[in-house]
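Chain letters run A, B, ... following the sequence lines, proteins first and then strands; every chain starts at 1.
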Protein chains: 2
Amino acid sequence: MFDPMVNLGPRLKTIRLASEKSLREVARRLDVSPSFLSQIENGKSQPSVATLYALARLLGVPVDTLFAPTFDASTATTPVDDEIVNRSLIENPTDAWDDAGARISLINPQNRSVLTMDTGVRWERLAATHESDINFMEIIYEPGAGSNANGELIQHDGYEYGYALDGEIEVTIGDSVLNLSKNQSIGFDSSIPHRFRNTGAVTFRGLWFVHGCHPAE
Amino acid sequence: MFDPMVNLGPRLKTIRLASEKSLREVARRLDVSPSFLSQIENGKSQPSVATLYALARLLGVPVDTLFAPTFDASTATTPVDDEIVNRSLIENPTDAWDDAGARISLINPQNRSVLTMDTGVRWERLAATHESDINFMEIIYEPGAGSNANGELIQHDGYEYGYALDGEIEVTIGDSVLNLSKNQSIGFDSSIPHRFRNTGAVTFRGLWFVHGCHPAE
DNA sequence: CCTACTGTTAACTAGTAGCGAACACTTTGC
DNA sequence: GCAAAGTGTTCGCTACTAGTTAACAGTAGG
């Protein structure tokens, strides 16, 4: 858990300096003494709620931004490594990409990190956040492609969710065989053995969300 | 000059009551005495900045909403074709639909459960599984629509992930203002105050995935 | 009756919000 | 040169208040 108060002062100072106002001027308009404002900015004293509000107002920033945890806005879109992977080596889809992400990750289609399987399947990563048990990706199944080479069912902890962007795919979950076609969506418990297969003639594209942690029940 | 402090207490009380938490429970989790929380809510005492922040966090509202001038009770803009929901009553998006789901959920576009907000936003549920801290949905922002009526930032525990199906949307996260356009994807820490706004001329459609991880304190 | 919950008030205190005065240092200008 | 006026910072103090405990009144259930 992070403490919102430790960065408060420095952040206020940064904002004030960015707007090129002097400490004394701000203090005067805020109707507090310059010395006290200095103490606030250096973390040696805490303002009251009213003072903080007035200060935020004066600096033209919403109060919440003063508390927002620090993050670097560099949305480092991860480099593309295009090698072919054996699907069976990936135990849980959430482990597909193990590199650390950012607090905010915005990714352009052409900059996605791509995993190409030996089964005619591609995974393109859609977000790289700090959450390690999450995988958000676009999956592409060429005609005839299947989630596993010899048609075995796979299972892993967690849930997964999908949305069909284009084409159609046969989904086997437990005893059920379903067809997911364009604009349909699905969610299921991944601990049930499952398999996907593109039995059609066109490429299937879908958004997939795999969530590895089991509910706290 | 309007005093932000006079409405602070009553507003906190309103929000707490809306979320159906008892004063004592909130006080306990906030680690202050119930009596003091009562004094705060009745305007007989002012919290410190740290306490106010923790309280806002606990109630799931950004601090700024507590200061917003004139509690806008005239939000009775009620064109009633369906059920229209006030966004601010939904603490965490994962609570939007509270009915239990199934282990396997396949949903056709025309059978989706729909939530229409008073802010020009629609949520269409894409999967109803047993996972309670997950919400998988299609979101639709009409031109001009925003995630919150008066442009306030919202924050809640967890992460969210999005993919732009159509149109473009302005995403504000902390200090960053990003544009998410077709086929781009995003993921971020929802505890950073954020907001979406369709500033364009066409309707925005996107897939959204909200994951409200509940840390084990 | 009792117990367990709801929120509220009174009396108190330890801590701090905020002050004024003095500090050290730059920049302006006569 | 040396004021004069600007910048931000530290010290020591006090008036006040954030937050406490204890008792309060009310309600629902058994």
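Taking atom CZ of A:R24 as the reference point, atom C1' of D:dA4 lies 14 Å away to the nearest angstrom. Taking atom CZ on B:F36 and atom C1' on D:dT17, their separation rounds to 9 Å, with Å as the unit. The distance from atom CG of B:D31 to atom P of D:dT20 is 8 Å, rounded to the nearest whole Å. Between the CD atom of B:Q46 and the C1' atom of D:dT17 there is a distance of 9 Å, given to the nearest Å. A:I40 has its CD1 atom 15 Å from the C1' atom of D:dT10, to the nearest Å. For the pair B:E41 CD and C:dT9 P, the interatomic distance rounds to 12 Å; values are reported in whole Å. The separation between B:L17 atom CG and C:dT6 atom P is 12 Å, rounded to whole Å. Taking atom NZ of B:K13 as the reference point, atom C1' of C:dT6 lies 11 Å away to the nearest angstrom.
At the phosphate of C:dT8, neither OP1 nor OP2 sits under 4.0 Å from any side-chain N or O atom of B:K44. Taking 4.0 angstrom as the limit, B:N42 places a side-chain polar atom (N or O) nearer than this to OP1 or OP2 of C:dT8.
Not one N or O on the side chain of A:S185 forms a donor-acceptor pair closer than 3.5 Å with the backbone of B:A127.
At a cut-off of 3.5 angstrom, counting only N and O atoms as typed in the model, there is a donor on one side and an acceptor on the other between the side-chain of A:S35 and the base of C:dG20. On a pure distance criterion of 3.5 Å, a polar donor-acceptor pair joins the side chain of B:Q39 and the base of D:dT20.
A:H194 and A:F188 have perpendicular rings, their planes meeting at more than 60° on a 0 to 90° scale where under 30° would count as parallel. Using cut-offs of 30° and 60° for the angle between ring planes, the A:Y159 and A:Y161 rings count as parallel.
Nucleic acid contact class of A:S22 (heavy atoms, under 4.0 Å, all strands): sugar-phosphate only.
The residue among B:L37 and A:S38 whose nearest nucleotide of DNA chain D lies closer to the 5′ end is A:S38.
Side chain of A:S33, nearest nucleotide from C:dG7, D:dT7, C:dG20: C:dG20. When distances run from any side-chain atom of A:S48 to the nucleotides C:dG18, D:dG19, C:dT6, the shortest one goes to C:dG18.
Going from atom CG of B:L165 over to atom CG of A:L165 covers 6.5 Å, rounded to the nearest 0.5 Å.
Judged by distance alone, the side chains of A:N179 and A:S181 never bring a donor and an acceptor atom under 3.5 Å apart.
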